[in-house]
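Bear in mind the structure is a predicted one, so any value in this text is a computation, not a measurement.
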Amino acid sequence: DNYGSDYDFAVVGEPTSLQVVNVSKGALWIKVSAAGKSAHSSKPHLGVNAIESLMTGLGSLSAAFDELSEKAVHAILGKPTMNIGVINGGSRPNIVPSEAYALVDFRTTPELVGEVGFLKKLEALCEQEDWGVTLSPSSDERFPMEVDPANPYIKGILSTASETEVVGAPWFSDAAWLSRGGIPSVCLGPGSIDQAHTKDEFIKIEDLNEGVAFFETVVKELSKQR
């Protein structure tokens, strides 16, 4: 939905070391599935090995992604990335597997996504080149974020501290949803992203105090924009 008419700007709290993240990569999780035919391993020629089909399909997918990525480099975010995070298939070593799948994580740039979205591009390639696998999204496609650094609110934030700059991030956040919905948004907050999603997340007390003072100044500055 478009909420841009209701709000002018949004700040999403993330541990950015008080740097303004105005560009970030998108994310897409895909399930890549292959179907085969079971048989006893003593006569594997009577079956179709789904794991082997999956490996071949993943190889084709990876090669196609590399080619697309070379043409989708972002000046700040760099190249898109692909990670095969899960592979599952088969039941016993003496049975030719009839099913196999992989879960793949893509981190996308605006150039890779374009107007139609990266998922549609992948599905079209898979059908056109017949990779022998089926693609299905494991989550909604999360589009990249790119907010103009000349936005008056961003300029207002930057004016509060000489060490604060606009930077890019390879991760996804709710700021991208808001930006896509019509509200220019950034990620900003004290602490380091290096501690996020680790076993023992933490923020240093001095960083927290610095963040409190910083946001007090930011709120006063941004209120002048109203």
Side-chain angles (χ1 to χ4, degrees), residues 1-30 65 68-69 71-83 104-123 137-161 163-197 211 214-226:
D1 295 328
N2 190 334
Y3 300 108
S5 60
D6 298 323
Y7 302 94
D8 298 325
F9 189 76
V11 174
V12 174
E14 296 284 356
T16 68
S17 299
L18 296 180
Q19 302 303 304
V20 178
V21 175
N22 69 315
V23 293
S24 61
K25 286 184 176 179
L28 176 64
W29 289 0
I30 289 287
F65 180 77
L68 289 172
S69 296
K71 304 174 184 177
V73 179
H74 188 274
I76 296 175
L77 300 174
K79 292 176 63 174
T81 61
M82 168 183 169
N83 178 63
V104 186
D105 174 290
F106 296 97
R107 300 294 161 144
T108 59
T109 61
E111 291 80 2
L112 184 65
V113 169
E115 294 296 327
V116 299
F118 182 52
L119 175 59
K120 290 185 178 180
K121 289 185 178 181
L122 273 186
E123 290 174 333
S138 297
S139 64
D140 292 336
E141 180 165 2
R142 298 163 180 171
F143 285 74
M145 176 181 74
E146 189 164 26
V147 179
D148 189 348
N151 179 286
Y153 286 93
I154 293 180
K155 294 174 70 175
I157 294 172
L158 297 180
S159 70
T160 64
E163 297 182 357
T164 300
E165 300 176 343
V166 287
V167 298
W171 34 263
F172 182 86
S173 82
D174 289 336
W177 291 122
L178 295 173
S179 292
R180 189 164 176 79
I183 307 171
S185 305
V186 298
C187 299
L188 176 63
S192 172
I193 195 67
D194 293 340
Q195 277 79 56
H197 305 299
F214 179 84
F215 274 105
E216 284 180 349
T217 306
V218 164
V219 170
K220 290 178 181 178
E221 180 62 34
L222 294 186
S223 65
K224 300 176 183 177
Q225 305 286 341
R226 297 298 296 176

Nearest 0.5 Å, what's the [atom1]-[atom2] distance between [X] and [Y]?
| X | Y | atom1 | atom2 | result |
| --- | --- | --- | --- | --- |
| H74 | T108 | NE2 | OG1 | 11.0 Å |
| I157 | L188 | CD1 | CG | 5.5 Å |
| S173 | L178 | OG | CG | 8.0 Å |
| E146 | I76 | CD | CD1 | 7.0 Å |

Which atom of [X] lies closest to which atom of [Y], heavy atoms considered:
| X | Y | answer |
| --- | --- | --- |
| G26 | F172 | CA-CD1, 4.2 Å |
| S185 | A175 | CB-O, 3.6 Å |
| K155 | A150 | CD-O, 3.3 Å |
| V113 | P144 | CG2-CD, 3.5 Å |
| I30 | S138 | C-OG, 4.0 Å |
| L112 | K121 | O-NZ, 2.8 Å |

Any side-chain to backbone donor/acceptor pair from [X] onto [Y]? Under 3.5 Å, distance only.
| X | Y | result |
| --- | --- | --- |
| T164 | L158 | no |
| E141 | L119 | yes |
| K25 | K79 | yes |
| T109 | A72 | yes |
| S17 | Q19 | no |

Step by step, would you call L122 with F106 a side-chain contact (heavy atoms from CB on, under 4.5 Å)?
CA-CA 11 Å; L122 273 186; F106 296 97; 3.9 Å; yes

Student check: side-chain heavy atoms of [X] and [Y] closer than 4.5 Å:
| X | Y | value |
| --- | --- | --- |
| F65 | V104 | no |
| P110 | L77 | yes |
| V167 | V21 | yes |
| V73 | E111 | no |
| F215 | V11 | yes |

Can you sort out the partners of F214 under ring pair (Phe, Tyr, Trp, His ring centres under 6.0 Å), two or more places apart, ordered by chain and number?
none

Is the number of heavy atoms from other residues, nucleotides or ligands under 6.0 Å of D148 CG greater than 12?
yes

For atom CH2 of W171, is the number of surrounding heavy atoms from other residues, nucleotides or ligands below 6.0 Å larger than 12?
yes

Inspect the contact between R107 and D105 and indicate whether a charged nitrogen and a carboxylate oxygen are less than 4.0 angstrom apart.
yes

